[in-house]
2 protein chains.
Amino acid sequence: MVFSIGELSRRTAVKVPTIRYYEQIGLLPAAPRTDSNRRFYGQAGVDRLNFIRHSRELGFEIDDIRELLAMSEQPQSSCHKVDSIANSHLVEIDRRIASLTTLKAELARMISECGRGRVCDCRIIEVLADHGQCRSEHRL
Amino acid sequence: MVFSIGELSRRTAVKVPTIRYYEQIGLLPAAPRTDSNRRFYGQAGVDRLNFIRHSRELGFEIDDIRELLAMSEQPQSSCHKVDSIANSHLVEIDRRIASLTTLKAELARMISECGRGRVCDCRIIEVLADHGQCRSEHRL
DNA sequence: CTAATTCCTCTAGCGACTAGAGGATCAAGA
DNA sequence: TCTTGATCCTCTAGTCGCTAGAGGAATTAG
């Protein structure tokens with residue numbers, strides 16, 4: 001059972017140009033071609049691309065995925081490195097959540113203090129400017 | 001009181017090439033030059049750049065900042081648009097936090113199930129490979 | 001006077017795609 | 001068989017918000 005790049009795209013929900021891009025950067029092996037130079041794929045292509053897609057959805061970077069793929073192809077080796085990649089990714093996500101949460105609080109406070117009047121009384125602009133006062137003459 | 005781009009950089013914690021980049025894209029007005037073609041700045045430059053830096057730290061995009069700056073220069077107008085930009089940014093941040101939180105749970109579960117043995121028994125690899133029909137979209 | 005630092009412009013690179021041009025080929029209907 | 005429209009190909013360039021480096025001029029410190 002073989003199919004075209006379009007069909008692979010439909011089966012994996014990865015866009016056609018993205019598949020070609022993955023091939024170009026070596027994340028996917030160069031697909032075999034028909035007589036008329038069209039790429040074709042089989043089940044292995046679907047599996048590999050699904051692996052990549054799901055890893056991307058989980059926020060792994062391309063280079064991480066390269067390593068994960070390489071390791072998934074050596075099933076007898078230790079999965080210590082897999083675990084370590086996943087763990088440092090988790091730490092990074094925690095860091096991002098914390099940072100976004102702080103940010104959200106600051107934004108929310110800023111917005112709640114906005115009197116919805118004129119710009120010169122707007123707390124949002126004030127906070128961004130880092131200078132409490134807002135004069136009629138423009139200072140920024 | 002005037003100072004060089006390097007001094008402006010020190011006062012605002014924005015790197016020199018970034019300042020030049022902001023000028024290039026029109027986020028900062030073209031700075032006046034000395035006889036030897038060097039940019040110089042005054043307090044207004046510091047204020048504007050601090051406003052930009054703080055907005056960036058809060059995750060606003062350059063185009064948002066353009067609008068915020070434009071509005072801060074019209075202090076008599078309504079701050080409704082300021083409020084609306086800040087609000088949609090807040091919504092976006094909420095969305096990102098939610099998405100990262102889901103992601104974190106999935107990653108954590110995956111990691112906790114990894115037996116730290118061989119790759120062929122590794123749940124991390126399995127989960128990444130198996131999730132053929134998960135269509136959640138995480139853009140970070 | 002020299003050496004280090006700062007400044008200038010310009011181009012190119014990052015990550016992970018996405019868009020579009022310009023052309024070839026395929027599948028389905030009339 | 002012809003035609004139409006979908007799909008495929010390669011290639012280049014654009015996105016965002018910077019960052020890095022080359023190559024050269026000017027300033028500043030010792």
Side-chain angles (χ1 to χ4, degrees), chain A residues 2-28 30-41 45 48-49 51-69 85 89 92-93 96 99 103, chain B residues 2-28 30-41 45 48-49 51-69 85 89 92-93 96 99 103 137-140:
Chain A
V2 295
F3 32 79
S4 69
I5 196 169
E7 184 57 27
L8 178 63
S9 170
R10 253 165 264 128
R11 285 176 193 227
T12 58
V14 176
K15 288 177 194 157
V16 168
T18 304
I19 297 172
R20 285 196 278 247
Y21 168 73
Y22 285 162
E23 181 180 312
Q24 191 195 307
I25 62 169
L27 192 58
L28 288 174
R33 306 289 184 118
T34 66
D35 287 351
S36 60
N37 198 34
R38 296 182 171 209
R39 291 168 181 88
F40 64 89
Y41 303 86
R48 192 174 175 107
L49 195 46
F51 186 101
I52 293 170
R53 181 180 53 81
H54 195 213
S55 302
R56 287 293 299 135
E57 282 167 1
L58 287 173
F60 287 99
E61 289 169 15
I62 299 285
D63 279 352
D64 287 338
I65 301 175
R66 258 184 238 278
E67 292 211 65
L68 291 171
L69 276 168
I85 290 175
H89 186 48
E92 170 64 17
I93 285 173
R96 274 191 240 172
S99 146
L103 216 121
Chain B
V2 295
F3 32 81
S4 69
I5 196 170
E7 183 58 27
L8 178 63
S9 170
R10 254 164 264 129
R11 285 176 194 228
T12 57
V14 176
K15 289 176 193 158
V16 169
T18 304
I19 297 172
R20 286 196 278 247
Y21 168 73
Y22 286 161
E23 181 180 312
Q24 191 196 306
I25 63 170
L27 193 58
L28 288 175
R33 306 290 184 116
T34 65
D35 287 350
S36 60
N37 198 35
R38 300 186 164 202
R39 290 167 181 87
F40 63 89
Y41 303 86
R48 192 175 175 107
L49 196 47
F51 185 100
I52 293 170
R53 181 180 50 81
H54 196 204
S55 302
R56 288 292 299 137
E57 281 167 3
L58 287 173
F60 286 98
E61 289 169 16
I62 299 285
D63 279 352
D64 287 338
I65 300 175
R66 259 184 238 279
E67 291 211 64
L68 291 172
L69 275 169
I85 290 175
H89 186 49
E92 170 64 17
I93 285 173
R96 274 191 240 173
S99 154
L103 216 122
E137 185 189 337
H138 301 292
R139 284 202 324 102
L140 306 178

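Labels below follow one simple rule: chain letters A, B, ... track the order of the sequence lines, proteins then strands, and each chain is numbered from 1.
Spacing between atom CD1 of Ile19(A) and atom P of dC17(C) amounts to 12 Å, rounded to whole angstrom units. Summarising the geometry, the separation between CZ on Arg53(A) and C1' on dC17(C) is reported as 16 Å, rounded to the nearest angstrom. dC26(C) atom P lies 14 Å from atom CZ of Phe40(A), rounded to whole Å. In this structure, Glu7(A) places its CD atom 13 Å from P of dA27(C), rounding to the nearest Å. The separation between Leu8(B) atom CG and dC8(C) atom P is 11 Å, rounded to whole Å. Rounded to whole Å, the distance from CD on Gln24(B) to P on dA12(C) is 14 Å.
Of all the heavy atoms in Phe40(B) and Ala31(B), the pair that sits closest is O-CB, 3.9 Å. The heavy-atom pair separating Arg33(A) from Glu23(A) by the smallest distance is NH2-OE2, 3.9 Å.
Distances from the side chain of Arg38(B) to the nucleotides dC8(C), dA16(C), dC26(C) place dC8(C) closest.
In summary, contact between chain A and DNA chain D, defined as any nucleotide atom under 4.0 Å from a heavy atom of the protein, begins and ends at dT7(D) to dT10(D) in the 5' to 3' direction.
Within 4.0 Å of Tyr22(A), counting heavy atoms only, lie sugar-phosphate atoms of the nucleic acid but no base atom. Within the 4.0 angstrom heavy-atom criterion, base atoms lie near Arg20(A). No engagement by Ile25(A) is indicated, since no non-hydrogen atom pair under 4.0 Å with the nucleic acid exists.
Not one side-chain nitrogen or oxygen of Ser36(B) sits closer than 4.0 Å to the OP1 or OP2 atom of dC8(C). For Lys15(A) and dC17(C), the shortest distance from a side-chain N or O to OP1 or OP2 is not below 4.0 Å. In this model, the phosphate group of dC7(C) is approached by a side-chain N or O of Ser4(B) to a distance below 4.0 Å at OP1 or OP2.
Put simply, the residue from Leu69(B), Leu49(B), Asp63(B) that forms a side-chain contact (heavy atoms from CB on, under 4.5 Å) with Leu27(B) is Leu69(B).
Both Arg39(B) and Asp63(A) lie near DNA chain C, and the one whose nearest nucleotide falls closer to the 5' end is Arg39(B). Residue order along DNA chain D, read from the 5' end via each residue's closest nucleotide, puts Glu61(B) first among Asp35(B) and Glu61(B).
Proximity of a side-chain donor or acceptor of His89(B) to a complementary backbone N or O of Leu58(B) within less than 3.5 Å is detected.
A salt bridge links Arg10(B) to Glu7(B): one of the charged nitrogens lies within less than 4.0 Å of a carboxylate oxygen.
Atom CD1 of Ile65(B) and atom NE2 of His54(B) lie 11.0 Å apart (nearest 0.5 Å). Taken to the nearest 0.5 Å, the CD1 atom of Ile25(B) stands 5.0 Å off from the CZ atom of Arg66(B).
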